[in-house]
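In the text below, chain A, chain B and the rest are named by the order of the sequence lines, each starting its count at 1.
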Amino acid sequence: AQSVTQLDSQVPVFEEAPVELRCNYSSSVSVYLFWYVQYPNQGLQLLLKYLSGSTLVKGINGFEAEFNKSQTSFHLRKPSVHISDTAEYFCAVIRSSNDYKLSFGAGTTVTVRA
Amino acid sequence: KAGVTQTPRYLIKTRGQQVTLSCSPISGHRSVSWYQQTPGQGLQFLFEYFSETQRNKGNFPGRFSGRQFSNSRSEMNVSTLELGDSALYLCASGDGLNYGYTFGSGTRLTVV
């Protein structure tokens, strides 16, 4: 079985401050890891993904994440946020090979204030 | 490249009715997945189709069904609607490589 835990349900942050969204997963097999963002009344947009290789993954809009296998974590970071980063963020996993479904965490709502 | 198109955007149905939602994937993509999003349960996987074959299915009752056509367009059907089926239904289009899933804007279903 696998599950995804997003450790913070809400993260308020000031504009231009850094932000970190925490994600832990549990799985008995290797996984592929993803971060998605959802703006109000929209679908999900892929920010970045880890499939293999370098554990530091860079994504769109200045976001990056680090895969830590020993801690089973995949935390998302941005060094300086903008008002437009206000959204809900989802961490997700896919088990490697023959599994095509994304299992999502509960989401983290990021609110950026001026 | 056109994105993933889901129709309709909004839908209101009465309990007991059935509903069909449509998803047109990105041109050339052969994988289509469906997800249900609710405030209480979050994002849950319904099923995934690849080249007209269902490859994976989530833990939903048999009232939820789907299919994929030869042009990769997919439909999802929910029969005997219940109030709890009210949700945002999202479709994801995949190229079958590198797990590059692109989501549509969703269909907001309200059951009254």
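In Asn59(B), the CG atom is not crowded: 12 or fewer heavy atoms of neighbouring residues, nucleotides or ligands sit closer than 6.0 Å. Within 6.0 Å of the CZ atom in Arg30(B), the count of heavy atoms belonging to other residues, nucleotides or ligands does not exceed 12.
Linking ILVMFWY residues whenever their side-chain heavy atoms come closer than 4.5 Å, directly or via other members, places Trp35(A) and Tyr39(A) in the same cluster. In terms of hydrophobic clustering, with Ile, Leu, Val, Met, Phe, Trp and Tyr side chains grouped at heavy-atom distances under 4.5 Å, Tyr49(B) and Val78(B) are assigned to a common cluster. Val32(B) and Phe50(B) are members of different hydrophobic clusters when ILVMFWY side chains are connected at heavy-atom separations under 4.5 Å. Using a 4.5 Å cut-off between side-chain heavy atoms of Ile, Leu, Val, Met, Phe, Trp and Tyr, with links allowed through other members, Leu43(B) and Leu7(A) fall into different hydrophobic clusters. The hydrophobic cluster containing Phe64(B) also contains Leu21(B), counting ILVMFWY residues as joined when their side-chain heavy atoms lie under 4.5 angstrom apart, directly or transitively.
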Tabulate below the donor-acceptor pairs under 3.5 Å that side-chain atoms of residues 85-94 of chain A make, not counting sequence neighbours, or state none.
from	atom 1	to	atom 2	distance (Å)
Asp85(A)	OD1	Lys78(A)	NZ	3.2
Asp85(A)	OD2	Lys78(A)	NZ	2.8
Asp85(A)	OD2	His82(A)	N	2.8
Thr86(A)	OG1	Ile83(A)	O	3.0
Thr86(A)	OG1	Val112(A)	N	3.0
Tyr89(A)	OH	Asp85(A)	O	2.6

CA sep, side-chain torsions, deciding dist, call: Lys57(B), Lys101(A), side-chain contact (heavy atoms from CB on, under 4.5 Å):
CA-CA 9 Å; Lys57(B) 189 178 191 303; Lys101(A) 69 175 187 181; over 6 Å; no

Worked verdict on Phe104(A) versus Phe45(B) for side-chain contact (heavy atoms from CB on, under 4.5 Å)
CA-CA 9 Å; Phe104(A) 288 91; Phe45(B) 172 80; over 6 Å; no

Yes or no on side-chain contact (heavy atoms from CB on, under 4.5 Å) for Leu44(A) and Thr102(B), after CA distance, side-chain angles and deciding distance?
CA-CA 8 Å; Leu44(A) 302 172; Thr102(B) 302; over 6 Å; no

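For Phe34(A) and Tyr101(B), the distance between ring centers is not under 6.0 angstrom.
Near-neighbour residues of residues 10-20 of chain B relative to chain A, defined by a heavy atom under 4.5 Å from a heavy atom of that chain, are none. Using non-hydrogen atoms only and a strict 4.5 Å limit, the part of residues 84-93 of chain B facing chain A consists of Leu88(B), Leu90(B).
For the residue pair Tyr35(B) and Tyr100(A), the shortest heavy atom distance occurs at OH-O, 4.3 Å. Heavy-atom minimum distance, Tyr32(A) versus Tyr99(B): CE1-CE1, 2.7 Å.
The distance from atom OG of Ser105(B) to atom CG of Asn41(A), rounded to the nearest 0.5 Å, is 9.5 Å.
Scanning for side chain to side chain contact (heavy atoms under 4.5 Å, CB included) contacts around Thr80(B) gives Arg63(B), with sequence neighbours left out.
Contacts between Gln45(A) and chain B at a heavy-atom distance below 4.5 Å are absent for every atom of the residue. There is no contact between Gln41(B) and chain A, counting heavy-atom distances below 4.5 Å.
Contact count versus chain A (heavy atoms, under 4.5 Å) is highest, among Gln44(B), Arg9(B), Gln37(B), for Gln37(B).
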